[in-house]
Protein chains: 2
Amino acid sequence: MSGNDELGDGFRREGKATINDVARVSGVSKKTVSRVINRSPLLSAETRERVEAVIRDLGYVPNPQARALAMGRNFLLGLLHDNPNAQMVLNFQEGVLEAIRDTEFALVVRPVNRHSVGMLDDVRHFLERQRLFGVLILPPISENDALAALCRELGCRYVRMGSAALDDEAHLVESNDREAVGQAVDHLVSQGHRNIALIAGPEGFRSAQERRNGFLEAMARHGLSVGPGRVAPGNYTFDSGRAAAERLLEASERPTAIFASNDEMAAGALHAARQREIEVPAALSLIGFDDTAIAAHIWPPLTTVRWPIISMARAAAYKLIHPAEAKQQPSRFLSDLVRRASVAPAVKQ
Amino acid sequence: MSGNDELGDGFRREGKATINDVARVSGVSKKTVSRVINRSPLLSAETRERVEAVIRDLGYVPNPQARALAMGRNFLLGLLHDNPNAQMVLNFQEGVLEAIRDTEFALVVRPVNRHSVGMLDDVRHFLERQRLFGVLILPPISENDALAALCRELGCRYVRMGSAALDDEAHLVESNDREAVGQAVDHLVSQGHRNIALIAGPEGFRSAQERRNGFLEAMARHGLSVGPGRVAPGNYTFDSGRAAAERLLEASERPTAIFASNDEMAAGALHAARQREIEVPAALSLIGFDDTAIAAHIWPPLTTVRWPIISMARAAAYKLIHPAEAKQQPSRFLSDLVRRASVAPAVKQ
DNA sequence: GCCATGCATGACACCGGTTTCCGAATCAAG
DNA sequence: CTTGATTCGGAAACCGGTGTCATGCATGGC
């Protein structure tokens, strides 16, 4: 390779070729090299090839810091997330990475704590300091309007992921949780279930509201009533799901199916059923939401709703990178039901 | 705030105060402002205060790109990981973030695919392009020596996470998997188990080797033999765990306990046992490894080995940021056994 | 009273790109 | 052969910081 002097600790000194080296060696000006890099059309093919050869020879790679400084913007996308669901966050990262692969963008992650009082200040510091190109905001903190306002104030582009209309199309990628829950209920009803209970998510979450409303609407659509004993609150954790299921299963007329607002709570519900020696799915059908890793790995494998998070991530990243075309990109994504083994036809009690 | 003109799209133009503005307003030179920012000791208290007041007034925040360019290094840490275990990756991110909170560092993530032929080139492109301050490498790709060599070649600092001595102390943070598996075996033996089987991890993984060796050593220590029918290969996936368990459970003299080299395979084994109507833990005890989310959420909750990943991440980030003191930082971390409900005393068959 | 000393500060080049503006070369038309 | 348009390439300023070195000033020792 090109002359690298070694440091004591075995690392090469910053002896990388610069645009000046390329210009000197190929006998053109910096600007011409810059044009080659940026694929400017007004260049003779001959010059371009000559410079490109030198670039290869020298192993030249443009310095992103210098570019960022000169162009007044960098190529860093931020990911702001709280962390209820590791698999989801990681899948999202995956999707974003797919979108920015082969570009000069990189992804900077920043977990935040939605319960900390200093959360907004934290994010403010982060954004001011790093001057990111833009940020992607994951639920549940994507539902925080103050956060979006902060981004606006700081001049930071953003896209929110959500389960309802939180913002205009340019700043939002959403899944239709409500409709998806409808499918889940339809499926249960088609299997003959009439006494269906809901384990709801935490009040503050938009996704929880949507899933609850989707459930209630679908039940109403089928002409099924949902008594007060048929809805139990949860907070998206395993334990809350177990506790909620215990309450539901105590009811005089036991439900034959439970829809849990996420997989973790469904797993908790399964746990509760097993302790009461209620067979799943023979005596109790169960549907979850999110299709996290856990859904496929419990017994019986959980029927659940999968939302296309990787596609959504890709779309979100794309919106962020190409703000001009953001509104053309799809904003709404459809989830679908993954049928596994936790649902069976209802039996008469 | 300081005069911001708005763009059509509602975002503030890059009208942030620069070091020049601060210098002009406070009547000192750029350099002096720079000294204030960098807490240089040779400054009169009076000047410092005056400049600091102006900085506050103007809401000035130094531009990291400019700093990076001038200083020849940026403040970005990279995280290279393959993705068998979302919870682990995310916990690791958390630990790193803890370490760099309140510093100017940020974390850039980069999932890579260890099975892709172009993996090394991929990483090379990434490192050359982004010029990170350094990278953290997670297992299993941390075991790839070519990757470490690449970092050296490119002059990129690195720290590898691993389960064995992969590198020198300055570039490694390791967990003692071998010893931890020993504890797991001890526990099983103390419960009266003698016929203990192993579901091994994939050949290529150092962690798998360590866990296998730890198992064999511990069994030998207890004077217990491990016949060929007592070790089944797996590849860290749920399905491979199930298949391995099926083979083990077919043996003429069935094992009374199985140690699986990770939780996912343990979950698979549980699945297999259930299909054969073998009660866990009554008729079969099970221990996993990693203490991922799944361990606590299956039934029965899985006894498993937890390694202190957040502490390890913190140490790794610290080593990366302070290379001079890297060797003083701890490199070896102890894992411990989390006792849940998947182990019971052995019964005579 | 003078010069060496030390401390606080400033002038200026520099990091490695991009952008603006302008000049040179080429070529067709007059 | 000259003119004008067009294409291509270069010089220099600029982005916003940091490093080097020089300078002014107060201090102190002789």
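Since we're looking at a predicted model, the values are computed, not measured. Just so we're on the same page: letters track the sequence lines, and every chain starts at 1.
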Residues that Asp102(A) engages under side-chain contact (heavy atoms from CB on, under 4.5 Å), provided they are two or more places apart
none
What is the separation between atom [atom1] on [X] and atom [atom2] on [N], rounded to the nearest whole Å?
X        : N       : atom1 : atom2 : answer
Asn74(A) : dC15(D) : CG    : C1'   : 14 Å
Leu58(B) : dG16(D) : CG    : C1'   : 15 Å
Leu43(A) : dG9(D)  : CG    : C1'   : 9 Å
Arg24(B) : dG10(C) : CZ    : P     : 15 Å
Leu42(B) : dG10(C) : CG    : C1'   : 13 Å

Please check if the number of heavy atoms outside His322(A) that lie under 6.0 Å from its NE2 is greater than 12.
yes
Is a salt bridge present between [X] and [Y], judged by a nitrogen-to-oxygen distance below 4.0 Å?
X         : Y         : result
Lys30(B)  : Asp21(B)  : no
Glu98(B)  : Arg314(B) : yes
Arg152(A) : Asp167(A) : yes

Arg129(B): salt bridge (charged side-chain N to carboxylate O under 4.0 Å, His left out) partners, not counting sequence neighbours:
none
Please tabulate, for the side chains in residues 103-111 of chain B, all donor-acceptor contacts under 3.5 angstrom to protein atoms that are two or more places apart in sequence or on a different chain.
unit_1, atom_1, unit_2, atom_2, d
Thr103(B), OG1, Ile100(B), O, 2.7
Thr103(B), OG1, Phe105(B), N, 3.0
Glu104(B), OE1, Arg67(B), NH2, 2.9

If the condition is side chain to side chain donor-acceptor pair (under 3.5 Å), which residues does Gln93(A) pass it with, not counting sequence neighbours?
Gln93(B)
If you only use heavy atoms from C-beta on, which nucleotide in dG16(C), dG10(D), dA8(C) is closest to the side chain of Leu69(A)?
dG16(C)
Report yes if at least one side-chain N or O of Ser44(A) is closer than 4.0 Å to OP1 or OP2 of dT7(D); otherwise report no.
no
May I ask you to evaluate whether Thr32(A) reaches the phosphate of dG10(D), defined as a side-chain N or O under 4.0 Å from OP1 or OP2?
yes
Under 3.5 Å donor-acceptor, Ser331(A) side chain and Val173(A) backbone:
no
Between the first and last five pairs of the helix from dG1(C)-dC30(D) to dG30(C)-dC1(D), the angle of the axes, rounded to 10 degrees
60°
Write down the protein N/O and nucleotide N/O pairs, taken from nucleotides 17-25 of chain C, whose separation is under 3.5 Å; answer none if there are no such pairs.
unit_1, atom_1, unit_2, atom_2, d
dG17(C), OP1, Tyr60(A), OH, 3.2
dG17(C), OP1, Asn63(A), N, 3.2
dG17(C), OP2, Ile19(A), N, 2.6
dG17(C), OP2, Tyr60(A), OH, 3.3
dG17(C), O5', Tyr60(A), OH, 2.9
dG17(C), O5', Asn63(A), N, 3.4
dG17(C), N7, Lys30(A), NZ, 2.7
dG17(C), O6, Lys30(A), NZ, 2.8
dT18(C), OP1, Asn38(A), ND2, 3.1
dT18(C), OP1, Arg67(A), NH1, 2.5
dT18(C), OP2, Ser34(A), OG, 2.6

